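Source: prediction; values computed, not measured.
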Amino acid sequence: QVQLVESGGGLVPAGGSLRLSCAASGRIVSFGTMGWYRQSPGKQRELVAMFTPNGQTTYADVVRGRFAISRDKAMSRVYLQMNGLKPEDTALYYCNAKVSAVNYWGQGTQVTVSS
C-alpha cells in the first residue's frame with residue numbers, strides 16, 4: 001500500500017504564495033501519474049496540476065501561469081508552488097498518485113486565501 005502525506009497548506013492573504021509538498025511512501029512498483037486536486041465545499045473535486053504518464057505537466061486553466069508542479073522522482077515527492085493566490089483557490093488540496101494502475105490519495109491539506 002502506498003501512503004501519501006501532504007503538507008504546506010495554511011492561511012494566506014490574497015496575492016500570497018504557498019508551496020505544497022507530498023511525500024509518497026510504501027511499496028512502489030512502478031510510477032504513473034502524480035498530481036494535485038482540490039475540493040471546495042459544495043463542489044466536485046477538480047484537477048489542479050499533474051504529471052502525465054509521459055512526464056509532461058498539465059494545469060487547470062484557472063491556475064495556469066500561477067501554479068507550478070514539480071517532482072523529485074528519487075525521493076517520491078511532488079510539489080505545488082502556488083503564487084498569486086486568490087480567494088477562489090481556497091480548498092482542500094489532495095495529493096494523488098497512480099501507482100501500478102491504482103489511485104492513491106492523501107488526506108488533504110487546507111489552503112485558505114483571505115480576501
Side-chain angles (χ1 to χ4, degrees):
Q1 194 79 14
V2 174
Q3 295 82 44
L4 303 175
V5 180
E6 305 98 332
S7 62
L11 194 156
V12 63
S17 298
L18 285 173
R19 183 172 183 256
L20 306 184
S21 178
C22 172
S25 62
R27 184 67 69 184
I28 302 175
V29 179
S30 62
F31 293 92
T33 61
M34 294 190 72
W36 293 90
Y37 290 72
R38 67 186 184 186
Q39 187 168 22
S40 300
K43 294 185 177 181
Q44 298 180 184
R45 186 172 299 184
E46 63 179 359
L47 174 68
V48 177
M50 68 174 293
F51 283 96
T52 70
N54 295 138
Q56 305 299 307
T57 58
T58 185
Y59 296 90
D61 290 341
V62 293
V63 307
R64 188 175 292 109
R66 298 188 295 120
F67 293 8
I69 189 171
S70 60
R71 181 171 65 180
D72 185 336
K73 295 183 179 66
M75 301 184 72
S76 298
R77 295 178 183 179
V78 63
Y79 305 90
L80 185 68
Q81 179 66 47
M82 306 184 295
N83 300 321
L85 284 163
K86 305 175 180 179
E88 308 89 86
D89 295 318
T90 295
L92 189 63
Y93 283 70
Y94 295 92
C95 179
N96 168 262
K98 188 174 183 179
V99 182
S100 298
V102 177
N103 275 302
Y104 295 91
W105 298 90
Q107 292 183 303
T109 184
Q110 179 67 40
V111 172
T112 302
V113 185
S114 60
S115 59

Donor-acceptor contacts under 3.5 Å from residues 41-51 side chains, at least two apart:
| unit_1 | atom_1 | unit_2 | atom_2 | d |
| --- | --- | --- | --- | --- |
| Glu46 | OE2 | Arg38 | NE | 2.7 |
| Glu46 | OE2 | Arg38 | NH2 | 3.3 |

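Under a 3.5 Å cut-off, the side chain of Tyr94 and the backbone N or O of Gln39 do not form any donor-acceptor pair. With hydrogens and angles ignored, the 3.5 Å screen pairs a side-chain donor or acceptor of Asn96 with a backbone N or O of Tyr104.
Between the CD atom in Gln3 and the CD atom in Gln107 there is a gap of 10.5 Å [rounded to 0.5 Å]. Considering CG of Leu80 and OH of Tyr93, their distance stands at 7.5 Å, rounded to 0.5 Å. A distance of 10.5 Å separates CD of Gln1 from OG of Ser25, quoted to the nearest 0.5 Å. The CD atom of Gln81 sits 8.0 Å away from the OG atom of Ser70 when rounded to the nearest 0.5 Å. Taken from CG in Leu4 to CE in Met34, the straight-line distance is 6.5 Å, to the nearest 0.5 Å. The distance from the CG atom of Leu18 to the CE atom of Met82 is 4.5 Å, given to the nearest 0.5 Å.
Across all their heavy atoms, Gly84 and Ser17 have their closest contact at N-OG, 4.3 Å. Here the closest heavy-atom approach between residue Leu20 and residue Gly9 is recorded as CD2-N, 3.6 Å. Here the shortest heavy-atom pairing between Ala91 and Ser40 reads CB-OG, 3.4 Å.
Judged as a ring pair (Phe, Tyr, Trp, His ring centres under 6.0 Å), and not counting sequence neighbours, the contacts of Tyr37 are Trp105. When the side-chain hydrogen bond (donor to acceptor under 3.5 Å, both in side chains) test is applied to Arg66, the partners found at least two apart in sequence or on another chain are Asp89. Partners of Thr112 according to the side-chain contact (heavy atoms from CB on, under 4.5 Å) rule, which considers only residues two or more places apart in sequence or in another chain, are Leu11, Thr90, Gln110.
Contacts classified as salt bridge (charged side-chain N to carboxylate O under 4.0 Å, His left out) and involving residues 50-64 (residues at least two apart or in different chains) are given here: Asp61-Arg64. Sorted pairs that involve residues 4-13 and meet side-chain hydrogen bond (donor to acceptor under 3.5 Å, both in side chains), not counting sequence neighbours, are lacking altogether.
No path of Ile, Leu, Val, Met, Phe, Trp and Tyr side chains, each step under 4.5 Å between heavy atoms, connects Tyr79 with Val5, placing them in separate hydrophobic clusters.
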